Amino acid sequence: MIRIDEIYNNTFWPWLKANRPGFRAFFCEPFGRSDPDSVMNYGRDDIHEHNYIFFFDQEPIHLDIHIETFLHVHASNLDITHEPLPEGFRYDNTPGPEVIKYDDHRIKLAGYLLTSEHNSENVEYVCRKFKWKSLYYFFHGWAALDWYRGYNRTFLIEPWINRKITKTFIAPNRIVAGERQHRLEMLYHIFKNNMIHNHISCPDTCPAENISIHNAVKPLATKYPDIESVFAAQTLPINFADETDHPMHSCWLSLFDQSAESLLYLVTETVATGRRHHLTEKSFKPIALGMPFVIVGTKGSLEYLRSYGFRTFEGIWDESYDQADDSVRIDRIASLLRSLDELPQSAKQDLFEQCHQVIEHNWNHFYEGGFETVLWQELNEMLNGIESNS
């Protein structure tokens with residue numbers, strides 16, 4: 001198993017030194033930061049350096065936020081990626097008569113951008129802009145294996161065959177503004193359709209954007225004209241029992257009692273729009289908790305997850321939302337949740353029991369090495385695809 005907090009210095013950098021000498025490695029540290037000041041690098045003084053890889057594999061790419069980080073990494077490698085500039089010229093991205101722009105023909109070497117975004121239009125854009133070659137592996141799959149290791153050897157998770165289902169879903173929510181507004185859309189449907197009796201949480205102020213929820217929902221009023229009144233009718237914050245201030249739970253499992261009572265885990269992923277696949281550790285929480293799930297993510301998220309050997313719940317409930325366009329996917333998910341929520345408790349229990357076989361498969365695939373084997377093969381194939389003479 002890869003120790004995710006040591007993946008650059010213990011996994012990737014030793015491989016590059018041994019197999020692709022002359023490559024520099026850039027990455028962001030600490031985990032979760034992606035601004036230019038967070039960029040770190042490994043390099044060598046004993047040999048000629050001729051190329052580089054930027055490991056931007058933790059966060060999804062938001063072009064308006066991250067372009068400065070990409071500019072910083074690109075500019076840090078001008079000594080190996082450009083012909084000498086004429087005297088008197090400078091290199092930046094500001095228009096002017098004495099400026100060499102980033103799309104200039106003097107760029108002679110691509111460099112590599114390694115992300116955890118699959119089939120991503122944003123990755124394609126960035127690589128075109130900087131003439132980088134794209135690489136991919138499933139960073140968050142490795143993160144989930146590391147962070148949730150050992151929970152199968154505790155007594156915190158009640159066996160699914162013993163569970164009594166009293167709620168339709170559990171839906172934790174912490175960061176809900178900025179690039180995470182799809183979580184507010186999902187909460188709107190939960191509140192409007194009177195599904196508040198389930199296990200949900202919602203802050204009164206987004207801890208990342210420092211904006212009140214009532215202000216954060218205003219940009220969504222074009223799509224949902226009554227959204228401000230729907231949120232105004234709720235008493236916020238909504239906390240889980242024994243919790244305050246919506247603590248960050250990314251790197252461990254929690255809410256064991258609430259999960260054991262719930263038919264499914266409503267995963268509101270980090271990104272939910274655009275052409276790309278970008279699942280995080282959030283999608284593996286229900287798998288590690290022995291639960292069914294519905295994923296509020298980008299189009300094809302369930303299909304993407306199945307490509308790694310997991311199973312989903314088509315045939316037990318309608319998963320056609322996964323192939324719906326961005327404009328209607330959340331509405332389709334809300335309709336599914338509402339139909340499940342209206343079922344009597346005995347029917348929910350029956351549905352959960354129908355899920356047992358899929359739950360067990362996913363649990364075993366996650367905890368008994370199958371998923372890790374797939375990830376390790378993918379990672380090695382990715383590394384071996386790096387051109388040694390580029």
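Quick caveat, the model's predicted, so the values are computed rather than measured.
Ring centroid separation for the pair Phe293 and Phe313 comes in under the 6.0 Å cut-off. The aromatic ring centres of Phe26 and Phe56 sit 6.0 Å or more apart. In summary, the aromatic rings of Phe55 and Phe139 are positioned with their centroids too far apart to meet the 6.0 Å limit.
Residue Asp46 qualifies as enclosed at atom CG: its count of foreign heavy atoms under 6.0 Å is above 12. Heavy atoms from other residues, nucleotides or ligands lying under 6.0 Å from CG of Asn210 number 12 at most. Atom OH of Tyr125 has 12 or fewer neighbouring heavy atoms from other residues, nucleotides or ligands inside a 6.0 Å radius.
Ile65 and Leu63 are members of different hydrophobic clusters when ILVMFWY side chains are connected at heavy-atom separations under 4.5 Å. Hydrophobic clustering of Ile, Leu, Val, Met, Phe, Trp and Tyr side chains at less than 4.5 Å, counting indirect connections, keeps Trp13 apart from Ile47. Under the 4.5 Å side-chain heavy-atom criterion for ILVMFWY residues, a single connected hydrophobic cluster contains both Met1 and Tyr8. Ile200 and Met291 fall within a single hydrophobic cluster, where Ile, Leu, Val, Met, Phe, Trp and Tyr side chains are chained together by heavy-atom contacts under 4.5 Å.
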Candidate pair Ser76 and His72, rule side-chain contact (heavy atoms from CB on, under 4.5 Å), full reasoning: CA-CA 6 Å; Ser76 298; His72 172 75; 4.0 Å; yes

Taking it one step at a time, do Thr168 and Lys348 satisfy side-chain contact (heavy atoms from CB on, under 4.5 Å)? CA-CA 7 Å; Thr168 306; Lys348 295 176 186 177; 2.9 Å; yes

Evaluate Asp325 against Lys299 for salt bridge (charged side-chain N to carboxylate O under 4.0 Å, His left out), listing each step before the verdict. CA-CA 7 Å; Asp325 291 339; Lys299 183 177 182 178; 3.2 Å; yes

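A parallel orientation is assigned to the rings of His361 and His365, their planes being inclined by less than 30° (bins at 30° and 60°). Aromatic ring orientation, Phe366 versus Phe310: tilted (interplanar angle from 30° to 60°). In this structure, His48 and His50 have parallel ring planes: the angle between them is below the 30° cut-off, well short of the 60° mark.
The salt bridge (Lys or Arg N to Asp or Glu O under 4.0 Å) test applied to Glu158 returns no partner, not counting sequence neighbours. With sequence neighbours excluded, the residues satisfying ring-ring contact (aromatic ring centres under 6.0 Å, His included) with Phe138 are Phe284, Tyr304, Tyr308. For Asp326, the salt bridge (Lys or Arg N to Asp or Glu O under 4.0 Å) criterion is met by Arg329, not counting sequence neighbours. Ser38 is linked by a side chain to side chain donor-acceptor pair (under 3.5 Å) to nothing, counting only residues two or more places apart in sequence or in another chain. In this structure Phe352 satisfies the ring-ring contact (aromatic ring centres under 6.0 Å, His included) test together with His356, sequence neighbours excluded. Residues satisfying the salt bridge (Lys or Arg N to Asp or Glu O under 4.0 Å) criterion with Asp35, sequence neighbours excluded, are Arg33. In this view, Tyr188 and Tyr224 satisfy the ring-ring contact (aromatic ring centres under 6.0 Å, His included) rule, not counting sequence neighbours. When the salt bridge (Lys or Arg N to Asp or Glu O under 4.0 Å) test is applied to Lys17, no partner is found at least two apart in sequence or on another chain.
The backbone N or O of Glu49 lies less than 3.5 Å from no partner atom in the side chain of Arg44, so there is not a single donor-acceptor pair. Asp322 contributes a side-chain N or O that, together with a main-chain N or O of Leu302, makes up a donor-acceptor pair within less than 3.5 Å. Between the side chain of Asn198 and the backbone N or O of Met195 there is at least one donor-acceptor pair closer than 3.5 Å. Judged by distance alone, the side chain of Ser116 and the main-chain N or O of Gln58 form no donor-acceptor pair under 3.5 Å.
Here Leu289 contributes atom CG and Asn362 contributes atom CG; the two are 12.5 Å apart, rounded to the nearest 0.5 Å. To the nearest 0.5 Å, the span separating CG on Asp341 from CG on Asn193 amounts to 9.0 Å. The structure places CG of Leu383 at 5.5 Å from CZ of Phe12, a figure rounded to the nearest 0.5 Å.
Sorted pairs that involve residues 277-288 and meet salt bridge (charged side-chain N to carboxylate O under 4.0 Å, His left out), not counting sequence neighbours, are lacking altogether. For residues 358-376, there are no salt bridge (charged side-chain N to carboxylate O under 4.0 Å, His left out) pairs, not counting sequence neighbours. Residue pairs meeting the salt bridge (charged side-chain N to carboxylate O under 4.0 Å, His left out) criterion with at least one member in residues 224-238, sequence neighbours excluded, are Lys192-Asp226.
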Please tabulate, one pair per line, all N/O donor-acceptor pairs under 3.5 Å involving side-chain atoms of residues 257-266, not counting sequence neighbours.
| unit_1 | atom_1 | unit_2 | atom_2 | d |
| --- | --- | --- | --- | --- |
| Ser259 | OG | Leu255 | O | 2.8 |
| Glu261 | OE1 | His199 | NE2 | 2.8 |
| Ser262 | OG | Gln258 | O | 2.8 |

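Taking each heavy atom of Gly111 and Asn51 in turn, the nearest pair found is CA-OD1, 3.2 Å.
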